[in-house]
Amino acid sequence: MPVKTEEMILNMGPQHPSTHGVLRLELLLEGEIIKGVKPHIGYLHRCFEKHAEAMTYPQVIPYVDRLDYLSSMYNEFGYVTAVEKLLGIEVPQRVEYIRVIMGELQRIASHLVAIGTYGADLGAFTPFLFAFRDREKILSLFEITCGARLLYNYIWIGGLSHDLHPDFVRLAREFIPYFRPKIKEMNDLLSYNKIFVERTANVGILPPETAINFGVSGPNLRGSGLKWDLRRNDPYSVYDKFDFNIPVGEGRMGTVGDCWDRYFVRILEMEESLKIIEQALDQLPEGDVTSAIPKRVKPPIGQVYARVENPRGELGYFIISDGSVNPFRVKVRAPSFISLSVMDELCRGHMIADVIAILGSIDIVLGEIDR
Amino acid sequence: MKTTEEIFNLLKEKFGESIIEFKTGVPVEDFIVVNPFEIDKVCTFLRDTDSYQFNNLMNLSGVDDANGKKITGEQGEVKLEGRTFSLFYHLESMSLKQKVTLAVRMPGENPEVSSVSEIWRSADWHEREAFDMFGIKFLNHPDLRRILMPYDWEAGYPLRKDYKNPEFYQGMKVPY
Amino acid sequence: MGLLDKQFTDDNIIITKVEDVLNWARLSSLWQMGFGLACCAIEMMATSASHYDFDRFGVIPRPSPRQSDVIIISGTVTLKMAIRIKRLYEQMPDPKYVISMGSCSNCGGPYWEHGYHVLKGVDRVIPVDVYVPGCPPRPEALLEGLLKLQEKIRNESLVKKTA
Amino acid sequence: MREYFNNIWLGLTTVFIGMNVTFKHLFKPAVTIQYPDVKLLLPERERNRLYVNMDDCIGCDQCARACPVSCISIETVKSLPTDDLGKTSNGKKKALWLTKFDIDIAKCCYCQLCVFPCPTECIYMTDVFEFSEYKRENLLYSFVTLTPDEIAEKKNNFEKAEAEKSAQKAAAAAKKAEEQAAPKENKPSAEKPEDKKE
């Protein structure tokens, strides 16, 4: 006769060290097995969309930074792409290249946090320290460019707030050979560690069809083995001029689409980002970065949906303009918002301890989920 | 790859009255306006037909059109008459690389629309958010609760243009 | 003991010495509640990571409020979260300290004007000892805030309650 | 059985590889900045506490309008033609007494949007970041150089001048009304310019 256990509801969060912020998960348990997960979000709902309606277009940028605070540069990139599409302006080539360099540096920084905290969630504290040490290097690059460490307000509509610092190109070139061996170091420390692999391989498998139906994008989708990257499939900015691979999950440690695959795609993506930065630095044209900034941003009546490949996936901005200086409506399609909704599907049938492994592997940022 | 206009004509043939109009001329994006109670059928068709294959719902956003006429009642209460809410559906076919935007218009008093969360699971949370922010009701939605605001928030739907913030929430002063 | 019965109404040599030792012990091992809210939490993590190393000041993140002495409110406090923060604060054992890190928790920050769901300042629900300005504050600024808090603890007295 | 031992072997070797990485770091210099003793040299574009050089401020209100969080509040009083306010460092003539220039640093989001529109470059971000406070009121920075008495005096002066002007205007209007009584002629242009008050 099989042993019957009672069903139990367990609350995880909103204060929990490994929920990556203020997220509450309501776990429906049967013994140790998870029968269902109900995420409760909104603990960081900062009313971005209401603010955007009250601000002028350039004033929205500081708020855009605070959505996904781990990849502020890329959020700005997405927002200005949308507004420029609405305005119909062309930006100088140099601006595009600098945006790409900044975006890719931001991608590395963001993935470093994702990897570091993922290690810390699963009990390996050293990778966290290593990741933050390298991230600090990238932040210092941003700091000399625009003066801020985390929230930049650097990419403006039609241009950039500052030109590159005279030292930037040299320091960025120094960063690439510095960082390459660190990826290998991270692999030695964490990726191939048997304990880590045991915790992550064959856990939280996300089949590609489910992923598409749920709208999951970015590294989480590529971890499921689907070669889908907006930088390649729907190119924006100058991404069509670079040569890079799109890493996908191959199921090297278990099944395709498990936590380890999602994690490892991020490691491989850092390598690709380095390649892009290298090429962009080589091709960096001269020019003025502030020449195309409009004096007064007043788009015509209309609407636009523009999307970019954020470190977390497809970041879309839906902007409606009523012809005034304030946006009528800004809706953010946040990649983490969608990734989190798949938690229930991923966790079912696993153990409680796996919830943390799964949550860490989809790499959410609550600021973006709650907006 | 089909343009929005071609898709509109084909849909018009298939669904007739449910496809209301084709909006073009607005900068950047064209869209098709669909009857709110038929949107689920149109979407199922768009997803499952081989020549469309819209397998990805990129975005679903509610909009307060802010087009109502202000009418002041006897007790001085302000009512908006004739206002509408809209929903925009941005669909994408990852295999055929085509995109289309659908829209629905709902009356302001009782905004109701068929849910598409059965078709794309990603719509589930988007719809909950639209309900939370605008009070748009999605028929046949499996779990229509507030998502971002607290469950006991009574002051209404914050992204409506005529929203007024309450003075206190659970004993905490809300305004600065 | 006379101390508890409030027999010592004024500072004297024994009390001041005991005070010094207690305060020194208290300020050199402020265990922080490992609890991040928003953007500032990332800078808080950076502070505890290798470059700035919070451990040098005896600050160790503890996951439980019942083991911690100081709570760093690092980020925007929303109305939904404020209730939980109050509860967490009440769970902490005395003496407890609060550092409000960043504009958002100081007074609502960028969200003070239209933020219908943002608590305008965490001091509306719990008492704050040190306000660290910045959006987000640099890790050094947080360290400086901590030094300020240590300064405050150093001047605390057993007899006269300051906090 | 074979897999079991293989797992043990893998566990041991991979942990050993990881340990090797950390062991090597024993001999590398630490990256930690000993903060209160050693301070980083901050880059020149550093964005921290706002500072206003009041000698150069002309009270044009552009920074307050650019601020997304409305943390700057400026009030000005028109100067009398007899007052001499001096010039800014780039040669602009000042015409307004600044009676209030408050920045609520607690609200500030350090976005630098206020810095760019300033015509005299008098508002800028410094590299001072160590300004924690025990009380939030202390984070409200006031940059006004005038004393409260002086502010009252300037306001008084302005009101007096205004009163004089309005008296003149009333007299003129009365005169005009008289004139109007005879021939019907109206000149609305005379009333407008004085009404605007900042």
Side-chain angles (χ1 to χ4, degrees), chain B residues 59-68 70 77-80 83 85-87 108 111 124-137 141 143-176, chain C residues 35-41 65 71-92 96 98-129 131-137:
Chain B
N59 192 10
L60 191 162
S61 45
V63 177
D64 180 356
D65 294 325
N67 50 1
K70 259 190 194 166
E77 78 271 12
V78 178
K79 256 180 123 183
L80 285 171
R83 75 189 303 192
F85 290 103
S86 300
L87 276 176
D124 183 345
W125 279 25
H126 278 310
E127 289 183 349
R128 275 179 71 188
E129 198 195 324
F131 168 71
D132 191 358
M133 293 291 142
F134 296 97
I136 298 168
K137 286 190 189 63
H141 189 281
D143 182 24
L144 199 62
R145 288 175 298 142
R146 282 188 179 272
I147 186 165
L148 296 176
M149 304 295 284
Y151 299 122
D152 57 349
W153 191 260
E154 280 159 359
Y157 304 103
L159 276 185
R160 288 188 176 185
K161 296 275 180 186
D162 57 342
Y163 171 76
K164 287 262 179 339
N165 216 16
E167 199 65 23
F168 283 95
Y169 169 71
Q170 294 211 354
M172 288 174 287
K173 196 170 162 235
V174 180
Y176 183 73
Chain C
F35 171 51
L37 282 169
C39 334
C40 292
I71 177 168
I72 301 179
I73 308 291
S74 52
T76 317
V77 184
T78 57
L79 296 174
K80 208 173 175 179
M81 196 64 206
I83 307 157
R84 275 83 179 174
I85 285 188
K86 191 162 170 58
R87 192 178 301 165
L88 286 171
Y89 178 74
E90 281 162 359
Q91 284 174 2
M92 282 165 62
K96 48 194 172 187
V98 179
I99 296 180
S100 159
M101 179 188 183
S103 290
C104 291
S105 58
N106 286 351
C107 71
Y111 303 97
W112 73 274
E113 215 174 353
H114 308 281
Y116 51 81
H117 189 233
V118 176
L119 187 75
K120 278 70 174 189
V122 74
D123 47 5
R124 290 190 182 183
V125 286
I126 56 174
V128 175
D129 290 290
Y131 294 89
V132 182
C135 193

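In the text below, chain A, chain B and the rest are named by the order of the sequence lines, each starting its count at 1.
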**Q** I'd like a table of the N/O donor-acceptor pairs between chain B and chain C - cut-off under 3.5 Å, distance only.
**A**
unit_1: B:Leu148; atom_1: O; unit_2: C:Lys80; atom_2: NZ; d: 3.4
unit_1: B:Lys173; atom_1: O; unit_2: C:Arg124; atom_2: NH1; d: 3.1
unit_1: B:Val174; atom_1: O; unit_2: C:Lys120; atom_2: NZ; d: 2.9
unit_1: B:Pro175; atom_1: O; unit_2: C:Arg124; atom_2: NH1; d: 3.1

**Q** Measuring heavy-atom distances to chain C, does B:Pro175 have an atom under 4.5 Å in its side chain, in its backbone, in both, or in neither?
**A** backbone
**Q** Could I get the full list of salt bridge (Lys or Arg N to Asp or Glu O under 4.0 Å) partners for B:Asp64, not counting sequence neighbours?
**A** B:Arg83
**Q** What part of C:Leu79 is in contact with chain B, defined as an atom under 4.5 angstrom from a non-hydrogen atom: side chain, backbone, both or neither?
**A** both
**Q** Measure C:Val118 against the heavy atoms of chain B and call it side chain, backbone, both or neither at under 4.5 Å.
**A** backbone
